[in-house]
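Worksheet for the structure shown next.
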Amino acid sequence: MSNFLEKPTIRRTHEALEAKEFSAQELVESCLDEIEDKDKKINSFLALTPKLALDYARRVDAKIRRKEKLGPLEGVPVAIKDNILVEDYQASAGSAMLADYKAVYDATLVQKIKKAHVPVVGKTNMDEFAMGSSTENSAFGSTKNPHDLQRVPGGSSGGSAAAVAAGFVPFAFGSDTGGSVRQPAALCGVVGLKPTYGTVSRRGLIAMASSLDVIGPITRNVADAELVFNAIKGEDPKDATSHQEVRNFEKEKYIVGIPKEYYQEGLDEETSERLELVQERLAASSLGGKDLEITEVSLPHTEYALACYYIIMPSEVSANLARYDGMRYGHSKKRGQAKEDDIENYYKKIRSEGFGDEVKRRIILGTFALSSGYYDAYYKKAQQVRALIKQDFQKVFKKVDCLLTPTTPAPAFKIGEKSDPLQMYLSDVYTVPANLAGLPALSVPIGKNKKGLPLAGQLIADRFEEGLLFELGKALEGVLS
Amino acid sequence: MGSDQFDLKHIADLAQLSLESSEEKSLREDLGEILAYVDQLQKVNTEGVKDQASILGLFNKVREDKKGGLKEDVKKSQVEKIKSQFPQSRDNFVEIIRILER
């Protein structure tokens, strides 16, 4: 978008369109040109959708010509993670299994943004089936971090985070099962929101782990995340897990809890120092004329959250990914081509060819955790620990309004640095608890380290209290500016 | 528990995956490490704790029982799009490998 604006927010783009600084069509064309030109190095997009983007941009220009007022997102280009369905376009989920798959309907999210006249410019790269924390698991090559091309952008929504960080688009959508919106947003220096489980429809999101998956926006600032969330939330009769509750979060004063378990061994020193500074400044500031108080709290089961997640998530993965059987869509063979005339061998051939290593690893792990003789020791035990983790949060939210934690243990790591799966899993140690408990959480940039890599803090609130996250998120941005 | 204690071939069979011997070796190592890590859950006292399956406590939300239901929303063009992705079809059916003995 460099021809017009340098890394604009949604709000700034909206103002520019209303002031006729440029037309929506010019904006989309410039945006697409810049991606064509500069994304070769970053690889944040898997596919561009110029026809679709220009169609919606022209509708917005027609409205401008008729002197109609524009909605806040109208004409503002967006990128969409490649596991969210946009009718007639690819939805590969970063997998060879779905390399040639074309979506046959729009996700509810996509229906909503099309209705709001948001031009979709392309589909972004991701770890295969959203399994990973670096996009290195994509079947179509890894994405690079725009702040340092030797480093990962995080994952699994790494393409979406990198596209926003590079300034290709003012916002993008990702999905977050254990941190896949917040962790890449943190590593790329942009804002990432994981909404309360159930508040944003998942119809048309390719399922990974259904008790954890949510869709969330990646934006340049907190105010933009709020705008997008308000546009996409709401119950959907076609998603049986969608749910909405209205909460009043007006308080006498705001109390921010610092859970000590998130600030222990393993946390990067510069992130820790920076968060201390944020805490000091927040404590000295106020929010809407009301006092902000900082207090230490404890969530005793935090240390078990990642282990709990690595039982529940793969179990659900093993069930959800059973649908890829080469029979109706996706990677398949025509009968004559497949020598296997036995159905079991056919399934095995298709699935072994179509899935990458990490996906196979998680399917095997989940199949094991659910298998006869191990179910109680693993899956049931994890579900019980999940209940305890949720209770920890419930107790703490009786005392505090919001929690402030790091988003990740460390800033962006080098491509190829974490070849060991468990080391990679530990990147999500601070983000998985919010998924296990279904809570909303927001990752906000808190500056850069000495190497120039972005650092981030995470705010976690009680269910349906996104409004509180946005207020505190803006306060956090404010004390650092 | 280590991965040497479970039958990887059997689990792979259940998951409909075939593993090359090189894959099997690295998978066994990785799973050993991951299972050793998740085994720390055994330390948690969960006596009397109900397992948490649905985080929202929602229970069987169903649509209104009326004629047509969700089918009304499916456009004819979408049916064609679905069919066009079948690897092999005959008339309006997806053609699959025989699963019953003749």
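Chain identifiers are assigned alphabetically (A, B, ...) following the order of the sequence lines, protein sequences preceding nucleic acid strands; residue numbering begins at 1 within each chain.
Chosen from Ala15(B), Ser26(B), Ser84(B), Ala12(B), the residue pairing most often with chain A at heavy-atom distances under 4.5 Å is Ala15(B). Comparing Gly330(A), Ala322(A), Cys308(A), Ser318(A) by heavy-atom pairs within less than 4.5 Å of chain B, the highest count is held by Cys308(A). Interface check for chain B: of the options Tyr425(A), Tyr310(A), Tyr101(A), the most heavy-atom pairs under 4.5 Å are formed by Tyr101(A). The greatest number of non-hydrogen atom pairs below 4.5 Å with chain B, out of Leu212(A), Asp357(A), Leu306(A), is found for Leu306(A).
Heavy-atom distances place the side chain of Phe355(A), and not its backbone, under 4.5 Å from chain B. Proximity to chain B (any heavy atom under 4.5 Å) is shown, for Ala382(A), by both the backbone and the side chain. Proximity to chain B (any heavy atom under 4.5 Å) is restricted, for Leu426(A), to the side chain, taken from C-beta onward. Proximity to chain B (any heavy atom under 4.5 Å) is shown, for Asp325(A), by neither the backbone nor the side chain. Using a 4.5 Å cut-off between heavy atoms, Ser371(A) touches chain B through its side chain atoms alone. For Val94(B), the part lying under 4.5 angstrom from a heavy atom of chain A is the side chain only. Contacts between Glu20(B) and chain A at a heavy-atom distance below 4.5 Å are absent for every atom of the residue.
Judged by distance alone, the side chains of Ser352(A) and Ser18(B) do bring a donor and an acceptor atom under 3.5 Å apart. Side chains of Thr302(A) and Asp392(A): no donor on one and acceptor on the other come within 3.5 Å. In the model, Tyr379(A) has a side-chain atom that pairs as donor or acceptor with a side-chain atom of Gln383(A) under 3.5 Å. For Thr108(A) and Asp236(A), the side-chain atoms include at least one donor-acceptor pair closer than 3.5 Å.
Atom OH of Tyr37(B) sits about 13.0 Å away from atom CG of Leu35(B), to the nearest 0.5 Å.
Using a 4.0 Å cut-off between charged side-chain N and carboxylate O, Glu353(A) and Lys333(A) make a salt bridge. Under a 4.0 Å N-O distance rule, the pair Asp13(B)/Lys348(A) qualifies as a salt bridge. Salt-bridge annotation for Lys81(B) and Asp88(A): present, with a side-chain N of the basic residue lying under 4.0 Å from a carboxylate O of the acidic one.
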